[in-house]
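One-based numbering along the sequence shown.
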Amino acid sequence: MKITILGTGCIWTKRACASYLINDDILMDVGSGTLKQLFKSSNKLLHHEKIGKIKLILISHYHIDHYFDIVHFMWKIASDKNPGFNATIICPPGGEDRIKTLCRLGMSESSVNKLNFDKYVKFIDASKMGTFEYGNFEITSRKMDHGDIECYGYVLKEKNGKTIGFTGDSTMCDSFMDVINSSDIAFVDMAGTDISNKHYNIIDGIELMKKYRGKCCIVPAHLTSQAVDYAEGRINLPKDLMVLDTNEDLPYDYVLHEENSSKAPKNFKFAKKEFEVIEGNMVDLALSLTRSSGINYKMPTYCFDVRLKDTSQVVGSAVYSVLPDNIEGHASNLTINLNDDYNMKSVNYEVCMLVKRVAQKHRASCLYLMSDPNDFDKRTVYESLGAYLKEIKTFVEEENGERKTQEKCVWVWEF
């Protein structure tokens with residue numbers, strides 16, 4: 001069995017909405033952008049052939065990031081212009097009326113009149129379906145817990161083959177665990193980092209993946225940017241348009257192997273003598289330490305004392321990690337900490353300019369800087385350098401059993 005992960009994310013992320021194509025003919029969820037992802041997928045079929053191959057569509061629930069692209073499919077599947085196209089749609093109660101309404105709202109009247117649902121589309125209520133047989137599959141639904149909206153997960157058992165499961169969007173509940181315990185490979189909602197009454201989360205999800213390793217291959221799904229931020233450096237995350245083969249012993253491996261992790265530049269040499277002291281106008285940088293890793297990467301790192309010009313008085317520190325060209329910065333690789341009396345825009349600006357010399361020595365073309373969202377002084381400094389705001393990342397801390405999130409702005413200064 002081949003599973004193409006069309007999307008690993010949700011609507012509030014750069015990743016495509018969670019959707020899956022099984023063996024070219026079964027589609028699990030059809031959120032915004034699913035059609036585009038289908039067209040990008042790796043098989044060599046033409047666009048209309050890819051849609052024509054789809055004979056079964058499973059919808060978990062009626063949130064826009066899980067079914068709004070159904071209109072595009074209906075134009076092809078339910079039209080008399082394509083007599084070879086037809087499909088069965090398994091969905092929560094009320095799906096037929098909802099989908100027909102979407103088509104009326106999203107198409108011209110003449111286009112809607114060409115749709116022949118009764119002839120080409122069969123609707124099945126997930127709450128009453130029992131076990132539905134399709135080809136070599138036996139499919140059952142599970143009612144999940146997604147807050148105040150009715151949501152269903154699905155288990156697809158291949159005759160003489162593997163069983164795959166989809167939790168859809170759900171927090172922890174009996175059905176959630178039933179999907180995992182029934183499956184050889186399960187796609188599990190791990191949105192965000194907080195404990196929620198609507199979604200599971202990546203922090204507990206990673207522990208669940210470890211617990212079930214060797215029993216069920218759990219694949220994180222519906223990832224928010226917060227979940228991705230937390231998982232970076234901890235696990236190997238699935239990617240959009242990744243293709244999994246259930247015939248393999250381990251279709252997806254979350255373990256962060258050496259080839260997935262950041263690697264230090266080859267044959268790296270610290271320029272200790274050259275940067276023993278870097279002279280500025282107001283402050284100097286005095287090299288205090290070099291180490292093989294630091295900040296957010298296992299990368300060569302320079303640690304500097306920030307001293308008042310031509311004195312031994314230390315007024316802060318600057319830590320810089322050297323990133324190779326093939327690694328995109330996910331957080332800062334320059335951290336500046338100045339004593340309150342010297343935490344001024346002019347001093348921060350000069351420290352950045354001095355560290356730039358070190359970066360250029362090692363052929364780096366940019367620095368990654370970080371600030372609190374409400375630190376407008378830092379923002380002013382970074383903008384004056386010509387840096388741009390790349391993203392706002394969420395960091396998670398646990399304190400007394402409670403999870404706290406903190407947002408940070410990541411800036412890129414290219415030179």
**Request:** Just jot down the salt bridge (charged side-chain N to carboxylate O under 4.0 Å, His left out) partners of Asp25, sequence neighbours excluded, or say none.
**Result:** none
**By side chain to side chain donor-acceptor pair (under 3.5 Å) - contacts of Thr405 (at least two apart)** = none
**Request:** Please determine, by modelled atom types, if Asp169 and His66 share a side-chain donor-acceptor pair under 3.5 angstrom.
**Result:** yes
**Item:** Contact check, side chains of Thr224 and Trp12, non-hydrogen atoms, under 4.5 Å
**Value:** no
**Asked** Less than 4.5 Å apart, any side-chain heavy atom of Asp377 and any of Asn348?
**Response** no
**Asked** Around atom CG of Asn281, are there more than 12 heavy atoms of other residues, nucleotides or ligands at under 6.0 Å?
**Response** no
**Residues in side chain to side chain donor-acceptor pair (under 3.5 Å) contact with Ser371, at least two apart in sequence or another chain** = Trp411
**Message:** I'd like to know if the side chain of Ser170 reaches the main chain of Met144, judged simply by a donor and an acceptor atom lying under 3.5 Å from each other, with no hydrogens or angles considered.
**Reply:** no
**Request:** Start with the C-alpha distance between Asp240 and Lys14, add both sets of side-chain angles, then the distance that settles salt bridge (charged side-chain N to carboxylate O under 4.0 Å, His left out), and finish with yes or no.
**Result:** CA-CA 10 Å; Asp240 291 353; Lys14 297 174 183 177; over 6 Å; no
**Complete:** Between Ile59 and Tyr154 the two heavy atoms that sit nearest each other are O-OH, 2.8 Å
**Prompt:** Can you check whether Ile218 reaches Met190 side chain to side chain, under 4.5 Å on heavy atoms?
**Reply:** yes
**Item:** Residues which pass salt bridge (charged side-chain N to carboxylate O under 4.0 Å, His left out) with Asp145, listed by chain and number, not counting sequence neighbours
**Value:** none
**Request:** Determine whether Leu56 and Ile90 make a side-chain contact, defined as any pair of heavy atoms from C-beta on separated by less than 4.5 Å.
**Result:** yes
**Request:** Sorted by first residue and then second, give each side chain to side chain donor-acceptor pair (under 3.5 Å) pair with at least one member in residues 74-94; sequence neighbours left out.
**Result:** Asp80-Tyr120
**Prompt:** For Thr101 and Arg104, does a side-chain donor sit closer than 3.5 Å to a side-chain acceptor?
**Reply:** yes
**Prompt:** Phe304: what forms a ring pair (Phe, Tyr, Trp, His ring centres under 6.0 Å) with it, not counting sequence neighbours?
**Reply:** Tyr302
**Asked** Parallel, tilted or perpendicular: which describes the rings of His61 and His146, with under 30° parallel and over 60° perpendicular?
**Response** perpendicular
**Request:** Determine whether His222 and Tyr200 make a side-chain contact, defined as any pair of heavy atoms from C-beta on separated by less than 4.5 Å.
**Result:** no
**Item:** Check: Thr167 side chain, Asp189 main-chain N or O, donor-acceptor pair, under 3.5 Å
**Value:** yes
**Asked** Is the side chain of Asp69 donor-acceptor paired with the backbone N or O of Leu35 at a distance under 3.5 Å, no angle test?
**Response** yes
**Asked** Taking the six-membered ring for Trp, are the ring centroids of His362 and Phe268 within less than 6.0 Å of each other?
**Response** yes
**Message:** Quick one, Cys173 and Lys143 - any side-chain contact, counting heavy atoms below 4.5 Å?
**Reply:** no
**Leu102, Val30, Ile89 screened by side chain to side chain contact (heavy atoms under 4.5 Å, CB included) with Met74, the one that passes** = Ile89
**Prompt:** Does some side-chain heavy atom of Asn236 sit less than 4.5 Å from a side-chain heavy atom of Val255?
**Reply:** no
**Request:** Nearest 0.5 Å please: distance from the NZ atom of Lys408 over to the CD atom of Gln406.
**Result:** 4.5 Å
**Asked** What heavy-atom pair brings Tyr320 and Ala364 nearest, and what distance separates the two atoms?
**Response** OH-CB, 3.9 Å
**Message:** Tell me whether Arg403 is salt-bridged to Asp204, with the criterion being a basic N under 4.0 Å from an acidic carboxylate O.
**Reply:** yes
**Message:** Under a plain distance cut-off of 3.5 Å, with no hydrogens placed, do Ser321 and Thr301 share a side-chain donor-acceptor pair?
**Reply:** yes
**Exceeds 12 heavy-atom contacts within 6.0 angstrom, atom NZ of Lys100** = yes
**Donor-acceptor contact present, side-chain Glu407 to main-chain Ile392, <3.5 Å** = no
**side chain to side chain contact (heavy atoms under 4.5 Å, CB included) between Lys50 and Ser41, intermediate numbers included** = CA-CA 9 Å; Lys50 290 185 179 184; Ser41 61; 3.4 Å; yes
**Request:** Please work out which of the three classes, parallel, tilted or perpendicular, describes the rings of Trp413 and Phe415, given edges at 30° and 60°.
**Result:** perpendicular
**Asked** Do you see a donor-acceptor pair shorter than 3.5 Å between the side chains of Asp125 and Ser127?
**Response** yes
**Item:** Donor on one side chain, acceptor on other, Tyr212 and Asn181, under 3.5 Å
**Value:** yes
**Asked** Checking Thr171 side chain against Ser196 main chain: does a donor-acceptor pair fall under 3.5 Å?
**Response** yes
**Request:** Determine whether Ser346 and Met282 make a side-chain contact, defined as any pair of heavy atoms from C-beta on separated by less than 4.5 Å.
**Result:** yes
**Asked** So, are Arg213 and Asp253 salt-bridged, with charged N and O less than 4.0 Å apart?
**Response** yes
**Request:** Decide if the gap between the ring center of Phe187 and the ring center of Phe166 is smaller than 6.0 angstrom.
**Result:** yes
**Message:** Do the side chains of Asp24 and Lys2 get close enough for a salt bridge, i.e. N-O under 4.0 angstrom?
**Reply:** yes
